[in-house]
Amino acid sequence: MGETNQSCLTEVVFLGFSDFQELQVLLFVLVMLFYIFALLGNTLIVIVTLVDPALHIPMYFFLRNLSFLEVCYTSVTIPKMLVDLLSETQTISFVGCGVQMYFFILFAITECSLLSIMAYDRYVAICNPLKYTLSMNQRVCTELSAVAWTIGTLVAFSQTVSIFTKPFCGANTIHHFFCEIVAVLTLASTDTHTDEVAITVLTVLLIMVPFLLILLSYVFIISTILKMPSAEGRSKAFSTCSSHLIVVSLFYGSGTFVYMEPTSVHSQSKERFFSLVYTVLTPTVNPIIYSLRNKEMKSAVKKTIGWKLFS
């Protein structure tokens, strides 16, 4: 059986937050509110950056891509989680588990790549402003966005195929609220050491390296900002960059904890908590961070909403 690619499992059971039965309803309400806010906030950013000509610049092109990603990203896991919080049996078909994992990895890795591209955009805009228009034209922006989606697609396909071609003929219960790659891997009826190493390598390459490059780019950005003669210019640059840095810290920080924590100190409760941060909290606060800390976005939102209401 260890050599076959045929799976014995027909469904996967989520334990989710079953060890907190008394908090199930409260958690449902909170997650539902976060999800609604994430959908409305990110959809609003997509609409505003499309409608307002003043926001047809590279920074908002990438922000629109990020907001669209967040809508897709949250919709892969949260609706199923909400249903499970009010259900006695929390299951998903084996095929459905594979589909959920594929799209989760696709959107997560694409977001990692996109956040790196957004940092590069800010670096060019602030450190090389004279070359910005040429370096970040529409064609370049589209190509960079396509690269991010291509990386996400390739990684998602390779990892999902690698895992779901293994035999699964034992336990079918995972201590998670969605088909997270490491949790599902524990169900395989074969040695998974190679896959665990591959996940660690991919985590370093696609999470840690981009995160360090982003931090390095911000060292140059902050150094350039501090040299600006205008206090107003410094304030605007800091406001724009700090928004991106907060989002990066939340997303990469929680993801790094989940996938880089040593197995010897691994805690399922902490993993689920940090998974909630990058699947629920981060997509929800993104619109708040980018809107409230950005005068152009606030002005565009007011103008767009007012136009929609009173035109």
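- The shortest heavy-atom contact between Thr282 and Val247 is CG2-O, 4.5 Å.
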Decide side-chain hydrogen bond (donor to acceptor under 3.5 Å, both in side chains) for Asn286 and Glu70; before the verdict, give the C-alpha distance in whole Å, the side-chain angles of both, and the deciding distance to 0.1 Å.
-> CA-CA 9 Å; Asn286 279 2; Glu70 298 289 31; 2.3 Å; yes
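- By the neighbour-count criterion of 12 heavy atoms within 6.0 Å, atom CZ of Phe28 is densely surrounded, having more than that number from other residues, nucleotides or ligands.
- When side chains are defined from C-beta on, Tyr35 does not count as touching Met81, because their heavy atoms never get closer than 4.5 Å.
- The local environment of OH in Tyr132 is crowded, with over 12 non-hydrogen atoms from other residues, nucleotides or ligands closer than 6.0 Å.
- At least one donor-acceptor pair under 3.5 Å links the side chain of His56 to the backbone N or O of Leu50.
- Atom-to-atom distance recorded for Leu154:CG and Leu106:CG is 10.0 Å, nearest 0.5 angstrom.
- No donor-acceptor pair under 3.5 Å is formed between the side chain of Asp84 and the backbone N or O of Phe177.
- Between the Ser93 side chain and the Gly96 main chain, a donor and an acceptor come within less than 3.5 Å of each other.
- Cys112 contributes atom SG, which lies 11.5 Å from atom CD1 of Ile105 (distance to the nearest 0.5 angstrom).
- Between Thr224 and Lys227 there is no side-chain heavy-atom pair separated by less than 4.5 Å.
- Linking Ile, Leu, Val, Met, Phe, Trp and Tyr residues whenever their side-chain heavy atoms come within less than 4.5 Å places Val124 and Val140 in a single cluster.
- Across all their heavy atoms, Gln100 and Thr77 have their closest contact at NE2-CA, 4.0 Å.
- Ring centers of Tyr73 and Phe104: under 6.0 Å apart, within the cut-off.
- Counting only heavy atoms from C-beta outward, the side chains of Val12 and Phe94 approach each other to under 4.5 Å.
- Side-chain contact between Val76 and Phe178: absent, with no pair of heavy atoms (C-beta onward) separated by less than 4.5 Å.
- Contact of the Leu55 side chain with the Leu63 side chain is not registered, since no non-hydrogen atoms from C-beta on lie closer than 4.5 Å.
- A heavy-atom distance below 4.5 Å is not found between the side chains of Ser217 and Tyr120.
- No donor-acceptor pair under 3.5 Å is formed between the side chain of Asp52 and the backbone N or O of Val48.
- Of the possible polar contacts, one joining the Asn137 side chain to the Leu134 backbone as a donor-acceptor pair under 3.5 Å is found.
- With contacts defined as side-chain heavy-atom distances shorter than 4.5 Å, the pair Leu44/Pro287 does not qualify.
- From Thr186, atom OG1 reaches atom CD of Glu180 across 9.0 Å, with rounding to the nearest 0.5 Å.
- Atom CG of residue Leu245 and atom CD1 of residue Ile222 lie 7.0 Å apart, to the nearest 0.5 angstrom.
- With rounding to the nearest 0.5 Å, the separation of CZ in Phe168 from OG1 in Thr190 is 10.0 Å.
- In this structure, CH2 on Trp149 lies 9.0 Å from CG on Leu114, to the nearest 0.5 angstrom.
- Cluster annotation: Ile289 is connected to Phe68 through the hydrophobic network of ILVMFWY side chains, with a link wherever side-chain heavy atoms come within less than 4.5 Å.
- Between the side chain of Thr284 and the backbone N or O of Phe34 there is at least one donor-acceptor pair closer than 3.5 Å.
- In this structure, the side chain of Thr160 does not engage the main chain of Phe157 through any donor-acceptor pair within 3.5 Å.
- Contact check for Phe61 versus Met136: no side-chain heavy atoms found under the 4.5 Å cut-off.
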